[in-house]
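Just so it is clear: chains get the letters A, B, ... in the order the sequence lines come, proteins before strands, and each one is counted from 1. Computed from a prediction, not measured in an experiment: that's the story for all the values here.
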2 protein chains.
Amino acid sequence: MTQKMNTEARREQIAGAALKLLAERGSEGFNIADLAESVGLVPSAIYRHFEGREDVLDAALDVFRDRVYGLVEAARNETQDPLQALELLLTRHARLIESGGAVPHIMASMSAPEGHAARRAKTERIFAGYVARVEELVRDGQESGQVRSDINAATVAVLFAGMIQPAALLRHAEGERFDITAHVARVWELFRRAVARD
Amino acid sequence: MTQKMNTEARREQIAGAALKLLAERGSEGFNIADLAESVGLVPSAIYRHFEGREDVLDAALDVFRDRVYGLVEAARNETQDPLQALELLLTRHARLIESGGAVPHIMASMSAPEGHAARRAKTERIFAGYVARVEELVRDGQESGQVRSDINAATVAVLFAGMIQPAALLRHAEGERFDITAHVARVWELFRRAVARD
DNA sequence: TTATGATGTGAATATGGATTCACATAGAGG
DNA sequence: CCTCTATGTGAATCCATATTCACATCATAA
């Protein structure tokens, strides 16, 4: 028998594994059997720690949120320079995606079916929260004079998110062939030119 | 009984309806019963015109591809000015999204499960084809001297796609509250500054 | 007008996964 | 060392959908 664990540790382990599967296959391809196998358990064991499938997905989204928001926090703490923080953030995203992290198909959960409105709402909140955090960074940049003040911070934040999403998609589609690090470096230059005060 | 139609017309009708549902709910929430109802048929009738669910999704993706590529063609034909064509294209995307068109969650099909590799591959091809077309427009712009020639056309094309995806997501999430037209107008200015030769 | 095939219908049937349940056992606390 | 409860297991069961099938009916063309 697989070694027993207390439910708190197990929950975290399962949620993490679920996020990984979710990132690989999207919520459509996500199923309890594979999840259980990926943590060395039998399907029914999952129910010792979660109410059911939706509960697992909910927990996975929590992990996702913490990880992504954590990325923003880390970038913020690493430098006082807001523009540099954004660049750092972008790079970290690239690294996370490269390591099969997540991000792309998670957001696809936003298109969750009617019945799973809660999941959808949660994903939307996470995305909105992310954009809001980036927006704040942009505002800081405007106050520090590095970012043009004649542009809308929210718009910039959405554009920033737009640098990540398609890259993640391409990475998922083309795999190794797509050099996300190089792409991100190039697209950053474009972004900088768009938003930096000359 | 619902009026009979010859299979060609019916197929088109069904594929169009399927695309609509897909855009609203994603492939996870897509089911034959709702599809049938949306065209005033009974579920089993769908099988008179399609092999099965995957076949329907395949046809819906065809409609999507034609529509999106058509947008690019239309923008191209409307003006000789490549940069203006891109702006037109962006605006048209916004309008398509606004009218509940599609785009966002379709691309989420890229995360189709293992078993549906064909669907996934097809979606990837469509996305790649879209980016390639935009890239060509960017190249034209570089040749005409409107777009900086020291930047990578492919990178610009991906960034362009990145202006649309998150906007579509937000539109889906926030609905009317998100003024996609206004957003697109603002983000276009950013994009222009990033890529236009001064 | 009528014969015929194509299209539509409703009632099965099939299937893949989630969920439940009765039973087994590890492992923490006394 | 013993007990008792939380955790793990395998075998059902349930359920939502896809899919099939026998039958009905419309559309068309001879």
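A salt bridge does not link A:Glu189 with B:Arg148: none of the charged nitrogens is closer than 4.0 Å to a carboxylate oxygen. A salt bridge is defined here as a Lys NZ or Arg NE, NH1 or NH2 lying under 4.0 Å from an Asp or Glu carboxylate O, and A:Arg139 with A:Glu143 fails to meet this definition. Note on A:Glu28 versus B:Arg53: salt bridge recorded, some NZ/NE/NH1/NH2 to OD/OE distance being below 4.0 Å. Taking 4.0 Å as the cut-off between side-chain N and carboxylate O, A:Arg171 and A:Glu176 count as a salt-bridged pair.
For A:Asp34 and C:dG16, the CG to P distance is 14 Å, given to the nearest whole Å. If you take CD of A:Glu28 and P of C:dG17, they are 11 Å apart, rounded to a whole angstrom. For B:Ile32 and C:dG10, the CD1 to P distance is 17 Å, given to the nearest whole Å. If you measure from atom CD1 of B:Ile14 to atom C1' of C:dG8, you get 11 Å, rounded to the nearest angstrom. The distance from atom CD of B:Glu37 to atom P of C:dT9 is 12 Å, rounded to the nearest whole Å. Between the C1' atom of C:dG5 and the CG atom of B:Asn6 lies a distance of 14 Å, rounded to the nearest Å. For the pair B:Glu8 CD and C:dA6 P, the interatomic distance rounds to 15 Å; values are reported in whole Å.
By the 6.0 Å contact criterion, CD on B:Glu37 is open, its count of non-hydrogen atoms from other residues, nucleotides or ligands being 12 or less.
Within residues 47-59 of chain B, the residues having any heavy atom closer than 4.0 Å to DNA chain C are, in order of number, B:Arg48, B:His49.
Nearest-nucleotide positions on DNA chain C place B:Ile46 closer to the 5' end than the other of A:Asn31 and B:Ile46.
Both tests do not hold together for A:Arg25 against A:Phe30: distance to the six-membered ring centre under 6.0 Å, angle to the ring axis within 45°.
In this model, the phosphate group of C:dA6 is not approached by any side-chain N or O of B:Arg10 to a distance below 4.0 Å at OP1 or OP2.
In terms of heavy atoms, B:Ala94 sits closest to B:Ile180 at O-CG2, 4.0 Å. The two residues B:Ser149 and B:Arg197 make their nearest non-hydrogen contact at OG-NH2, 3.8 Å.
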Between the protein and nucleotides 28-30 of chain C, which nitrogen or oxygen pairs come in under 3.5 angstrom?
none

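For the pair A:Asp58 and A:Glu51, the minimum side-chain heavy-atom distance is 4.5 Å or more. Taking the side chain as every heavy atom from C-beta outward, B:Leu90 and B:Met163 approach each other to under 4.5 Å.
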**Prompt:** When you check every protein heavy atom under 4.0 Å of nucleotides 25-30 of chain D, what one-letter string (B, S, -) results, 5' to 3'?
**Reply:** BBS---
**Prompt:** Could you walk me through whether B:Asn152 and A:His183 pass the side-chain contact (heavy atoms from CB on, under 4.5 Å) check?
**Reply:** CA-CA 9 Å; B:Asn152 183 289; A:His183 170 77; over 6 Å; no
